[in-house]
Number of protein chains: 2
Amino acid sequence: MSNGFELPLRLLMAFRVLIDALHEELAERGHPDMRPMHGFVLQAVARGADSAASLGRTLGVSKQAAGKTIETLEGLGYVTRVPDPADSRRKTVVLTGRGTDALRQSAEVFDELRARWAAELGAGRLDDLEDTLRRMTPGDLFRLDVPGWFG
Amino acid sequence: MSNGFELPLRLLMAFRVLIDALHEELAERGHPDMRPMHGFVLQAVARGADSAASLGRTLGVSKQAAGKTIETLEGLGYVTRVPDPADSRRKTVVLTGRGTDALRQSAEVFDELRARWAAELGAGRLDDLEDTLRRMTPGDLFRLDVPGWFG
DNA sequence: CTAAGATAGACAATGTCGTTGTCCATATAG
DNA sequence: CTATATGGACAACGACATTGTCTATCTTAG
């Protein structure tokens, strides 16, 4: 195999390793129905994408698709929609207690996973890894338009 | 933002950076209709997943889904199906000239991208990155069952 | 103030891509 | 030879995205 092939695959697998571990752990902590996508969406909502239209823009999908995703999350109990008093067209998307819990738990698990990596690699090597990745990736971390990108 | 959140996102973005650059370059080299998925499938075919059923197993999807993917790739001219003389149920999937060209070009571009990273980071840091990733990811690189995994 | 345009969200039709179930032809094992 | 497993095609369905259209509402220009 050529050299260059390995790097992207390792990056993807490392991501998968973390995300799979996250969701295994989340399932045991009361969030068995969370999917990788949902974490992204909840993050986006928490960061201000609090309507179908703005969520769609943040995620790089149509507002209709964003609306359906919100419906799904609403069905799972992670968000609610409340009418916006200042603009009666809008329905503001709000994280429920369960939603904020999911985010808090995700953060905890990610911190634990990072600690596990630090223990295995040594803190220095992990810091180096993060520094290197920071140098090779765009600064704005939250371009979350991942959904259909791969197909 | 908590510390642990950053690592997985950076890993994913680094992967995206490479894959986007690859396909931008591939488009200019005569493969504008290649999608990220297609590279994975062609790889799998080249590595011996030469029937709908075995491709499905390798990719972690049903044989029907694999069959449709093969049809698509066939329509794009990357593979052909030839009857297997030893087993008249099977139709062996074979890379066309265009298919092998796509793989060769991908390898070239990945090598160039890796060289670009080496130039920017220094060869030592890039080697460190790859070593670190190798330590944290499974050995068998070609578990390519990526398709629906994210949903 | 009013008219024009932009925006939020709902609804419908459609496309893509995965799934399961069924079926037939063919290999393979007992 | 017979029973079972396998490869591939076809059909029905579901998840999830798309575009287009519609109404209600907000915002801006004149």
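So you know, we letter chains A, B, ... as the sequences are listed, proteins then strands, and number each from 1.
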Inset, instruction - Please report the C-alpha distance between A:L126 and A:L129 in whole Å, then the side-chain angles of each, then the deciding distance to 0.1 Å, and finally whether the side chain to side chain contact (heavy atoms under 4.5 Å, CB included) criterion is met. - result: CA-CA 5 Å; A:L126 179 56; A:L129 170 65; 4.1 Å; yes
Legend entry - Residue whose closest nucleotide on DNA chain D lies nearer the 5' end, A:S62 versus B:R89: B:R89
Inset, instruction - Using a cut-off of strictly less than 4.0 Å, decide whether B:R35 has a side-chain nitrogen or oxygen near OP1 or OP2 of C:dT16. - result: no
Legend entry - Under-4.0 Å side-chain N/O to phosphate OP1/OP2 contact, B:R81 with D:dA9: yes
Legend entry - Most 5' of B:S88 and A:A53 on DNA chain C, judged by nearest nucleotide: A:A53
What is the distance, rounded to the nearest whole Å, between atom [atom1] of [X] and atom [atom2] of [N]?
X: B:F40; N: C:dG18; atom1: CZ; atom2: P; answer: 14 Å
X: B:M37; N: C:dC17; atom1: CE; atom2: C1'; answer: 10 Å
X: B:D33; N: C:dT16; atom1: CG; atom2: P; answer: 15 Å
X: B:L73; N: C:dC17; atom1: CG; atom2: C1'; answer: 14 Å
X: B:D84; N: D:dT6; atom1: CG; atom2: P; answer: 17 Å
X: A:K63; N: D:dA24; atom1: NZ; atom2: P; answer: 15 Å
X: B:E71; N: C:dG18; atom1: CD; atom2: C1'; answer: 14 Å
X: B:I70; N: C:dC17; atom1: CD1; atom2: C1'; answer: 15 Å

Legend entry - Donor-acceptor pair present, A:K91 side chain and C:dG9 base, under 3.5 Å: no
Inset, instruction - Kindly say whether, by distance alone, the side chain of B:Q64 makes a donor-acceptor pair under 3.5 Å with the base of D:dG7? - result: no
Is the shortest side-chain heavy-atom distance between [X] and [Y] below 4.5 Å?
X: A:S106; Y: A:M34; result: yes
X: B:Y78; Y: B:V45; result: no
X: B:F40; Y: B:T69; result: no

Inset, instruction - Ignoring hydrogens and angles, state whether a donor on the side chain of B:H31 or B:D101 is under 3.5 Å from an acceptor on the partner side chain. - result: yes
Legend entry - Shortest side-chain distance from B:D87, nucleotide among D:dT18, C:dG9, C:dT26: C:dT26
Inset, instruction - Assign B:S54 to base, sugar-phosphate, or nothing according to its heavy-atom contacts below 4.0 angstrom with the strands shown. - result: nothing
